[in-house]
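Counting from 1, the numbers follow the sequence of the chain as shown. Because only heavy atoms are used, hydrogens play no part in the values below, and waters and symmetry mates are left out as well, while side chains stay in. Bear in mind that the values here come from a model prediction, so they are computed numbers and not experimental data.
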Amino acid sequence: MAPMKHDTTKRNATRAGAGLGALVLLAGGFFWFGGGYDRWSTGRLLTNACDGVLPADRLRSLLGDRHLKARDDARGERLDAPSTSLRVECGISRDTEKDAGKHTDAGSVTVTINGVPTLGPENRRYEGLYPTVRSDLPPAPLGQGWNGVLGVGDSRGEAEATTAVLLDCAPGRADLLVTVSADVDGYLTAAPLDNPDRRTAFARLATETAANASRHWNCGADLGEPLTTAPLPVNKDEYVAPASAKGTCAGLPAHPKTAARAWESERTTAPLEECVLGSAEGHTTHRLTARYGPYAESARHAYAEGSGDPDPIASGQRAGVLRNGGYWTTATCPGADEPALFSLTPYADKARRTAADRAYHLSLLKAFATRSAAAHHCATPAAPTTTTTR
């Protein structure tokens, strides 16, 4: 009878082991098909992307935590490197191929972290030095202690929202520009930027990434406050009469035919400022832009690498005429490697402009540049002119 008892015990142990194995397989199935694996995979992806400076929870709230894929592009390693600049880029998007046959909203976020100024720009001759903040109308400054803007514009036929934050790093180190772009027609369609909670969550993605980047690369910048709200860029129907403008369009001379409407943002010390003027019918007639730091540097690079005759904006001049018939001027700013750059782009046919039109354009640019430079504690800009001056 003893051997029979041994066999019975062995069979019971085998059954128990089989049951335990089945439970393990069942738990594994729940983990896999219940989304556990996707969440674990997403956690690893977000932790490793962009050198580990992304706020993973913030990205999950925007894109979800399943079926994400990443792309990384890192160049340079240090903010004080002698021959190259820090450039780290990562793209996070929904992998719609995994949901073949099922509608899934597309969604993507691109994060770029740049050292400022760019060293060795000859390595990037035919591309911009820094990501562009595309904005059909003036971008809105973030405020709350952050030196940055939020804009919405068109990119390859799709709406794109961009938040850019410029960090003033400790002396001896290059500054940091953190740019976060996302497609609006994709994942933001269900809860667009008109939704203040969604807009603030998107802006926080940029400010929290900037804070992480400052610590990660030992930038030592003074950071702003945690965002409690984010500004909404101006809409097409939110215009004022030029005489009533109080922000970036304040103090500009009006013109009954070509400058009857003004679209503006709040006047702060953001690195990128714009004022858009339009006719009474709502057609855009003039765009005035103030660029500081990386945006002035990038504009000069673009003009230097553009087609056609060399543009004086890239060759040490102080004011002059652009190839497109617009006008520009500069101002020196304390502690800045690059002079601030101010430009006016008129949309009227160049061949039809009169002497009076040109005089009006110069008066617009002078008033705009003078007020912007004063707000940034810069020197008085050079007088705009129809000829190139040193």
Is any side-chain heavy atom of [X] less than 4.5 Å from a side-chain heavy atom of [Y]?
| X | Y | answer |
| --- | --- | --- |
| Thr289 | Leu272 | yes |
| Tyr347 | His283 | no |
| Leu252 | Pro242 | no |
| Trp146 | Leu223 | yes |

Check whether [X] reaches the backbone of [Y] with its side chain - one donor and one acceptor, N or O, closer than 3.5 Å.
| X | Y | answer |
| --- | --- | --- |
| Ser214 | Ala211 | no |
| Ser298 | Pro294 | no |
| Arg261 | Gly278 | no |

[X] [atom1] to [Y] [atom2] distance, which is reported to the nearest 0.5 Å:
| X | Y | atom1 | atom2 | value |
| --- | --- | --- | --- | --- |
| Leu365 | Thr329 | CG | OG1 | 6.5 Å |
| Tyr295 | Glu273 | OH | CD | 12.5 Å |
| Thr248 | Arg371 | OG1 | CZ | 11.5 Å |
| Thr354 | Asp357 | OG1 | CG | 3.5 Å |
| Glu89 | Thr112 | CD | OG1 | 4.0 Å |
| Leu227 | Thr163 | CG | OG1 | 9.0 Å |

Side chain to side chain contact (heavy atoms under 4.5 Å, CB included) for Thr229 and Gln144? Distances and angles first, verdict last. CA-CA 9 Å; Thr229 185; Gln144 299 170 76; 4.0 Å; yes
If hydrophobic clusters are built by linking Ile, Leu, Val, Met, Phe, Trp and Tyr wherever their side-chain heavy atoms come under 4.5 Å apart, do [X] and [Y] end up in the same one?
| X | Y | result |
| --- | --- | --- |
| Leu232 | Val149 | no |
| Val180 | Val88 | yes |
| Val109 | Leu150 | yes |
| Leu205 | Val165 | yes |

For residues 244-279, the ring-ring contact (aromatic ring centres under 6.0 Å, His included) pairs (sequence neighbours left out) are Tyr239-Trp263, His255-Tyr360
Just by distance, no angles: are the side chains of [X] and [Y] close enough, under 3.5 Å, to form a donor-acceptor pair?
| X | Y | result |
| --- | --- | --- |
| Thr209 | Asn212 | no |
| Ser343 | Arg291 | yes |
| Tyr292 | Thr269 | no |
| Thr268 | Glu266 | no |

Could you list the residues that satisfy side chain to side chain contact (heavy atoms under 4.5 Å, CB included) with Ser181, not counting sequence neighbours?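 For Ser181 the side chain to side chain contact (heavy atoms under 4.5 Å, CB included) partners, ignoring immediate neighbours, are Glu160, Thr162, Thr179.
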Restricting to side chain to side chain contact (heavy atoms under 4.5 Å, CB included), what partner residues turn up for Ala245, sequence neighbours left out? Val240, Cys249, Glu264
Does the side chain to side chain contact (heavy atoms under 4.5 Å, CB included) test come out yes or no for Arg267 and Ser372, once each step is laid out? CA-CA 8 Å; Arg267 171 81 74 194; Ser372 179; 3.5 Å; yes
Please name the pair of heavy atoms, one in [X] and one in [Y], separated by the smallest distance, quoted to 0.1 Å.
| X | Y | value |
| --- | --- | --- |
| Ala379 | Ala331 | O-CB, 3.4 Å |
| Thr118 | Glu297 | N-OE2, 2.9 Å |
| Asp175 | Cys169 | OD1-N, 3.0 Å |
| Leu166 | Pro271 | CD2-CB, 4.1 Å |
| Ala280 | Ala260 | N-CB, 3.7 Å |
| Leu176 | Val116 | C-CG2, 4.5 Å |

Verdict with supporting geometry, Arg300 and Leu129, side chain to side chain contact (heavy atoms under 4.5 Å, CB included): CA-CA 10 Å; Arg300 287 184 174 86; Leu129 296 185; over 6 Å; no
Going through the distances and angles, do Trp217 and Leu86 end up as a side chain to side chain contact (heavy atoms under 4.5 Å, CB included)? CA-CA 10 Å; Trp217 283 288; Leu86 177 73; 3.7 Å; yes
Criterion side chain to side chain contact (heavy atoms under 4.5 Å, CB included) against Tyr327, the qualifying member of Leu288, Thr345, Leu362, Leu322: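 The residue from Leu288, Thr345, Leu362, Leu322 that satisfies side chain to side chain contact (heavy atoms under 4.5 Å, CB included) with Tyr327 turns out to be Leu362.
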Residue of the set Ile92, Val111, Thr110 for which side chain to side chain contact (heavy atoms under 4.5 Å, CB included) holds with Cys50: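 Per the side chain to side chain contact (heavy atoms under 4.5 Å, CB included) rule, the option paired with Cys50 is Val111, out of Ile92, Val111, Thr110.
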If you draw a 6.0 Å radius around CG in Asp222, do more than 12 non-hydrogen atoms from other residues or ligands fall strictly inside? no
Check the surroundings of atom NZ in Lys246: do more than 12 heavy atoms from other residues, nucleotides or ligands lie under 6.0 Å from it?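 For Lys246, atom NZ is not crowded (no more than 12 foreign heavy atoms under 6.0 Å).
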